[in-house]
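Data block below; observations after.
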Amino acid sequence: MIRSLITEAQNTWCPGCGNFSIQHTLKAVLDGMEKSGKSLDDVVLVSGIGCHAKIADYLNINSFYALHGRTIPVATGIKLANPRLTVICCAGDGDAYAEGLDHLIFAAKRNIDITLIVHNNRVYGLTTGQYTPTSPLGFTGKSTPKGTIEYPFNPVELMLASGATYVARGYTKKLSLLQQVIREGIAHKGFAYIDVLQICATFFNMTDQYNAKVYELAGYDPSSFEAACEKAREWDYNRDAPIALGTLYRRQLPTFDERFPVHAMTQEDRERGISEVLGTRR
Ligand code: SF4
């Protein structure tokens with residue numbers, strides 16, 4: 001039976017929030033996976049702390065709320081304990097690029113087979129508008145009433161430098177492209193990183209600026225690392241410049257979970273070991 005993927009939990013996102021686009025795009029991708037024979041019992045969604053994290057309440061699949069900045073270590077643990085699972089991480093830009101930055105870099109370095117979707121609204125929305133690592137210079141918010149005095153960093157360039165084997169950028173107003181990169185990211189074997197430019201309707205609404213600057217990659221070869229670096233540097237998350245959307249980079253390498261010794265164990269051995277550990281906690 002095809003399950004309803006939207007829960008009945010009361011949705012508290014602000015009207016116009018880009019989280020709705022990500023939720024419904026992910027739902028469409030999950031629907032497609034189920035229709036093509038994948039059991040959604042084998043899919044786990046991990047979210048962090050922030051507005052984005054409520055997606056775990058609103059999508060009807062196995063899910064885990066992690067601590068702030070700790071989505072990736074939780075997802076890594078889930079994948080290593082049961083490599084059969086498809087593990088999807090949703091994290092905010094604060095979660096991924098501030099509190100969880102070290103985990104992000106090492107997930108890319110290790111090429112752990114999980115998919116990370118960063119809801120990058122470039123502001124802390126849940127705490128009512130503080131700047132994050134990707135807020136532009138001069139951003140005015142609750143913690144910086146006179147404007148930030150530091151430049152943002154470029155997370156896409158950072159992920160390329162750290163060894164991510166799938167790197168893409170989406171935008172919450174370009175839904176078919178967003179669906180395409182999320183589908184590709186989940187299908188990719190290895191660490192899939194998708195930075196999604198998300199509208200925060202209440203504290204940092206960049207709709208007009210993004211609409212004027214984004215373009216979809218066409219006739220582009222995502223196997224070229226040099227081309228990916230060039231595209232990543234075209235826009236530094238600060239200056240006014242064209243913003244490429246789509247798959248910037250893709251390559252195949254052995255994954256961390258394939259190399260991890262747990263693979264030498266059978267499924268039964270793993271489950272017995274997990275039961276023993278859980279038994280000591282009762
Ligand atoms: Fe969305 Fe921003 Fe409202 Fe949070 S504060 S729900 S990110 S619009």
Side-chain angles (χ1 to χ4, degrees), residues 13-19 21-22 47-54 66-72 89-108 116-162 164 167-173 193-215 229-245 248:
W13 286 328
C14 309
C17 174
N19 279 312
S21 304
I22 299 176
S47 71
I49 299 293
C51 293
H52 82 276
K54 299 176 190 173
L67 296 174
H68 207 186
R70 304 295 178 257
T71 49
I72 289 174
C89 263
C90 283
D93 44 314
D95 240 358
Y97 303 146
E99 289 83 0
L101 181 63
D102 46 353
H103 301 300
L104 175 69
I105 291 170
F106 276 87
L116 174 68
I117 300 168
V118 182
H119 299 222
N120 187 2
N121 55 19
R122 307 171 68 201
V123 67
Y124 284 100
L126 191 66
T127 48
T128 69
Q130 295 78 18
Y131 79 104
T132 73
T134 50
S135 304
L137 181 71
F139 171 86
T140 53
K142 289 276 168 65
S143 58
T144 52
K146 293 190 176 172
T148 57
I149 53 169
E150 55 188 284
Y151 286 94
F153 66 65
N154 182 336
V156 172
E157 194 176 2
L158 178 70
M159 284 294 88
L160 288 167
S162 304
V167 176
R169 190 190 282 128
Y171 171 39
T172 52
K173 298 277 183 183
Y193 161 78
I194 305 163
D195 187 59
V196 181
L197 300 176
Q198 183 206 308
I199 300 306
C200 172
T202 303
F203 296 108
F204 198 33
N205 194 338
M206 294 286 285
T207 305
D208 291 344
Q209 291 91 330
Y210 288 154
N211 284 350
K213 289 296 168 188
V214 296
Y215 71 97
C229 291
E230 200 176 305
K231 285 293 167 196
R233 289 176 188 141
E234 197 170 41
W235 179 56
D236 62 0
Y237 287 74
N238 191 58
R239 67 173 185 272
D240 198 22
I243 303 173
L245 300 178
L248 284 95

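We use all heavy atoms of the structure for the numbers below, so side chains are in, but hydrogens, waters and symmetry mates are not.
Side-chain atoms of Thr144 do not come within 3.5 Å of backbone N or O of Lys146 as any donor-acceptor pair. Checked by atom type and distance alone, the side chain of Asp95 pairs as donor or acceptor with a backbone atom of Gly69 at under 3.5 Å. Panel note: side chain Ser47, backbone Cys90; no donor-acceptor pair is recorded below 3.5 Å. With hydrogens and angles disregarded, no donor-acceptor distance shorter than 3.5 Å links the side chain of Asn19 to the backbone of Trp13.
Looking only at atom types and distance, the side chain of Tyr215 has a donor-acceptor partner in the side chain of Glu234 under 3.5 Å away. Between Tyr131 and Glu150, the side chains place a donor N or O and an acceptor N or O closer than 3.5 Å (distance only, hydrogens not considered). The closest side-chain donor-acceptor pair between Asp93 and His119, if any, does not fall under 3.5 angstrom. With 3.5 Å as the limit, one finds a donor-acceptor pair spanning the side chains of Asp195 and Tyr237.
Summarising the geometry, atom CG belonging to Leu116 is positioned 5.5 Å from atom SG belonging to Cys89; distances are rounded to the nearest 0.5 Å. Between the NE2 atom in His68 and the CG atom in Leu126 there is a gap of 8.5 Å [rounded to 0.5 Å]. Rounded to the nearest 0.5 angstrom, Asp240 CG and Lys213 NZ are separated by 4.0 Å.
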* To do: Decide yes or no on side chain to side chain donor-acceptor pair (under 3.5 Å) for Tyr151 and Asp236, but give the supporting numbers first.
  => CA-CA 9 Å; Tyr151 286 94; Asp236 62 0; over 6 Å; no

* Audit row: Tyr171, Thr207, side-chain contact (heavy atoms from CB on, under 4.5 Å) steps and yes/no -> CA-CA 10 Å; Tyr171 171 39; Thr207 305; 4.1 Å; yes

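Taking 4.5 Å as the limit, some side-chain heavy atom of Ile194 sits within range of a side-chain heavy atom of Val196. Using a 4.5 Å cut-off on side-chain heavy atoms (C-beta onward), Tyr124 and Phe203 make no contact.
Counting all heavy atoms, side chain and backbone alike, Ala164 lies closest to Ala108 at N-CB, 3.7 Å. In terms of heavy atoms, Tyr210 sits closest to Ile243 at CD2-CD1, 4.0 Å.
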